[in-house]
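Reading through the structure tokens given below for one structure.
The structure displayed is predicted, hence computed values, not measured ones. Just so we're on the same page: letters track the sequence lines, and every chain starts at 1.
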Amino acid sequence: MSLVRWWSGLVLAFALLAVLRIYLPLPFAIEVIIFSIYTLGCSFLLGRVGFISFGQPAYLAIGAYATAFYLFYFGNNPYIGILIGIAAGIVGSLLVGPLLVRLRGDYFALVNLALAVIIYYLMQKVLADITHGDNGLWYLTNMSSTPVLDLTRPDQFFIFAFIVAFAIWVFFKYLDDSIYGACCLAVKVNEDKLRFLGYDNFKVRLTAFVIANTTTALAGALYAVYLGFVSPEITSPARAADPVVVTILGGAGTLYGPIVGAIVYTGMKDVVSKVIGNWELIVGFTLVFIMLAGEKGIWGSLEPRLNRLMDRMTGKRSDEVGQ
Amino acid sequence: MSGNGSTLGNLLEVSGLNVAYGESKVLFDVGITVKPGQVVACVGRNGAGKSTLLKTIAGFIKPSSGTVTANGTNLVGLTAYVVAGMGIKYIPQDKKVFSDLTVQENLELGSYASKDYGWDKVYDYFPKLKTLLDRKAGYLSGGERQMLMVGRAILGHPKLLLVDEPTEGLAPSIVSHLKEVFGELKKKTALVIVEQNLPMICAIADKIYAVSEGHIMAEITDRDQIKPEVCEKYL
């Protein structure tokens, strides 16, 4: 694959996202970027490794609360807060991962959901002295201005989140194209065969689990800095299906599915909710339609058509049957 | 039980092997030996326990008792990926490749695990694979899939290949090609092949174990006796 082709998709996708910013309100653009990062971890787990997780709010909360604890109790630099959120994501994933990645299918989904419920009640009740329970931690005015990009200013926070998102997408694109990405797909399709080739499937799954959930924790840390406030609502079991819904909307396992899914989902939430009270109903009907149309999601259905169009424009012939 | 010959010079030695799936016992006190460069065949009816024997050697199934020794190391209790790392590669019967990956990516998986990127030897055996590198493995024919599976397994110069029903459902021309390939491969690696195609396996095997209902019924080592009509008696 040529270097130009490797970069062209990423640059185009993020250029479109930057253009969208001109026409869309800043809070919407920031929400889309953070939600995309949040969903990317779920999409990687579901589409690449075959893990469906209803427990992503747990890892979002780990990142958000780690950042919030630092900004509320210990310091005021948002950059350090975000780094602490990432570190907490790695530690949290490594603590529960060795147990959870041994599970399969429904069990993995439900145990993760249970983890989200546990963290919700920990933050709401058990650790209420530290977390302030439902009132949450407020530290917006505690945060200090930062050099280069001042994360306390929403317009500059958007630029920072945009750069972080671009770097994450470069990383995941690299993963997709690497031998490790192939291992992840192989473990999803037939893990026994991968073992026969000499791979330790446990390590493959654990690494994927840590990468995906650290990405989710990073999204939590970004939320924590952007909002200047964190409450147990962030890990509410009622919102446990959100990242899975957005993943399926966009297209599980696709690189740009989370961005498309986040734009559509956030758009529905913000736009449709102004017209129809029960906007989730529209999301539900859309999901049913997508599943009936082939389970590939919006981007998953568009991508092959766009690839064919690109090939036609560049004069390249695809020799793959059905591609 | 049979097959407990001299331990000297054996690449693989299986002894007193008992395997059960829950309450259902599948292998009874099985013993086989394989010397370097030998092609050893296991023949028998469906459900005789041949595939279970290979899976147990490969580390996929833990036996209830018995030993599996390769070059002096007991393999019992080792996981499949560790056994594969020791140069004992298993090629399953189902011909399922990683269908979402291209042929090239499938070979890269084999190369990365074995740290062997010498694909020329794969192309020497299966020149067709070179023309299919960009093809998704899910779109390959049964014969091409088998070529890919064997090609992927020979990366890393394995000491022993465990091949389960390699010719099942394949066209005669592909079977003939595989026979030639296994005949060439035995110069570099030992093979244990589970096979029902008696003319094919008798043409390349140095030793045949007849398996029936989980027992080794016969061990045929006399070259003159390795004939389809002799093996048929045990099926």
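- Atom NZ of Lys96(B) is surrounded by 12 or fewer heavy atoms from other residues, nucleotides or ligands within 6.0 Å.
- In this structure, the portion of Met149(B) lying under 4.5 Å from any heavy atom of chain A is its side chain and not its backbone.
- Atom OH of Tyr117(B) sits in a crowded spot, with more than 12 heavy atoms from other residues, nucleotides or ligands closer than 6.0 Å.
- Within 6.0 Å of atom CZ in Arg45(B), 12 or fewer heavy atoms from other residues, nucleotides or ligands are found, so the atom counts as exposed in its surroundings.
- Every residue meeting the side chain to side chain donor-acceptor pair (under 3.5 Å) condition with Glu184(B), not counting sequence neighbours, appears here in chain and number order: Lys187(B).
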Under 3.5 Å, which donor-acceptor pairs link side chains of residues 65-76 of chain B to any protein atom two or more places apart or in another chain?
{"from": "Ser65(B)", "atom 1": "OG", "to": "Asn18(B)", "atom 2": "ND2", "distance (Å)": "2.9"}
{"from": "Asn74(B)", "atom 1": "OD1", "to": "Val76(B)", "atom 2": "N", "distance (Å)": "3.2"}

N/O donor-acceptor pairs under 3.5 Å from side chains in residues 92-101 of chain A, not counting sequence neighbours:
{"from": "Ser93(A)", "atom 1": "OG", "to": "Gly89(A)", "atom 2": "O", "distance (Å)": "2.7"}

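- Within residues 181-201 of chain A, the residues having any heavy atom less than 4.5 Å from a heavy atom of chain B are, in residue-number order, Ala182(A), Cys183(A), Leu185(A), Ala186(A), Val189(A), Asn190(A), Asp192(A), Lys193(A), Leu194(A), Arg195(A), Phe196(A), Leu197(A), Gly198(A), Tyr199(A), Asp200(A).
- Counting heavy-atom pairs closer than 4.5 Å to chain A, the top residue among Leu109(B), Leu162(B), Asp100(B), Leu101(B) is Leu109(B).
- Highest contact tally toward chain A, considering only Ala58(B), Gly110(B), Pro92(B), is held by Pro92(B) [criterion: heavy-atom pairs under 4.5 Å].
- Residue-environment remark: CZ (Phe285(A)) stays at or below the threshold of 12 foreign heavy atoms within 6.0 Å.
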